Amino acid sequence: MTSAQRYPTARTVEEFAANLARVRSRIDRAARRAGRSPDSVRLLPVSKTVPEERVRIAVAAGMRTLGENKVQEATRKHRNLAELPIEWSIIGHLQTNKARDVAAYAHEFQALDSLRVAEALDRRLQAAGRAIDVFVQVNTSAEQQKFGLAPDELPGFLRALPTYSSLRVRGLMTLAVFSDDETRVRPCFALLRSLRNQAREADPDLIGSGELSMGMSGDYELAIEEGATVVRVGQAIFGARTTPDLQYWPDPALHDVPTPLDQQEPHR
Ligand SMILES: *Cc1c(COP(=O)(O)O)cnc(C)c1O
């Protein structure tokens, strides 16, 4: 099955509502299978690459918090959709020169992976008189092209974060290895849970409520079985993306090189 067949594009309020209901019921079932309450899992719809016209329809279907990977795209949508009640969650790597934008409007930031970014974001937030929820991103797959701290860097990083008082640490975030092989994906999620547990034991004050943001369209049920409290789901709600994922997970060696402009779906 191609991803376009697996993830049909939602274009009407009814189609969005149907996709949401389908994902939500799979979340609930996965939670119950794991002996967890369905209420313990939050669904974060990810609207990256989705044109603003369709974001409006998603909001009409009841979505309130939306995830965006790229700050530039999020900032444009925030501006152009300012009259809608949307809370923006930034889930992709942040360059320090975009910290001001995130500080200005983001509700949460899920990809904190360096003290440089923490410092830049905190400075801008303090100036704006705001505070936001943050998740620390950990690279659990040991893949070169993934952002995030190495697992052994996490304890020291968490100890350093209280200095930045406008960042409210809520937990950890990760991307599993991209694979259909469950035996490779599951250990990434299990590792994040175990890092959270160790952090809690070391000092429960440093990890907030200990949330685990993990799981995407292809693997959120596995992630829930391994303890996810937030799943970030794009394609299964909005439809298959045509943009190659490489654009979202570039080589970290190229960190501060701007990636190509946000791509929009072709106009029909
Ligand atoms: C795009 C993205 C997702 C969602 O991926 P889908 O395959 O669309 O569900 C989740 N997390 C991050 C960081 C993303 O960039």
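Order of appearance sets the numbers: ligands from 1, and atoms from 1 within every ligand. The chain is numbered in sequence order, starting from 1. All figures in this text were calculated on a predicted structure; none of them were measured in a lab.
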### Message
Measuring from atom 14 (C) of ligand 1, which candidate in Q235, R232, K48, M173 has the nearest non-hydrogen atom?
### Response
K48
### Query
At a non-hydrogen distance cut-off of under 4.0 Å, which region of I91 contacts ligand 1 (side chain, backbone, both, or neither)?
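It is both backbone and side chain that touch ligand 1.
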### Query
What ring-ring contact (aromatic ring centres under 6.0 Å, His included) pairs are there with at least one residue in residues 3-46, not counting sequence neighbours?
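Non-adjacent pairs meeting ring-ring contact (aromatic ring centres under 6.0 Å, His included): F16-F238.
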### Task
Please indicate whether any nitrogen or oxygen in G234 is less than 3.5 Å from any nitrogen or oxygen in ligand 1.
yes
### Message
Against ligand 1, does R241 come closer than 4.0 Å with any heavy atom?
### Response
yes
### Message
Under a 3.5 Å cutoff, is there a donor and acceptor pairing between the side chains of E15 and N19?
### Response
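Per modelled atom types, E15 and N19 side chains form no pair under 3.5 Å.
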### Message
Could you check whether S213 and Q137, counting side-chain N and O atoms only, form a donor-acceptor pair closer than 3.5 Å?
### Response
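The criterion, which ignores hydrogens and geometry beyond distance, is not satisfied for S213 and Q137.
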#### Entry: Exam field: side chain T229 to backbone L212, donor-acceptor pair closer than 3.5 Å
yes
### Message
As an exercise, identify every atom of ligand 1 less than 4.0 angstrom from a heavy atom of V233.
### Response
9 (O)
### Message
The test is salt bridge (Lys or Arg N to Asp or Glu O under 4.0 Å); show your working for R11 and E53 and say whether it passes.
### Response
CA-CA 9 Å; R11 299 180 197 289; E53 311 87 80; over 6 Å; no
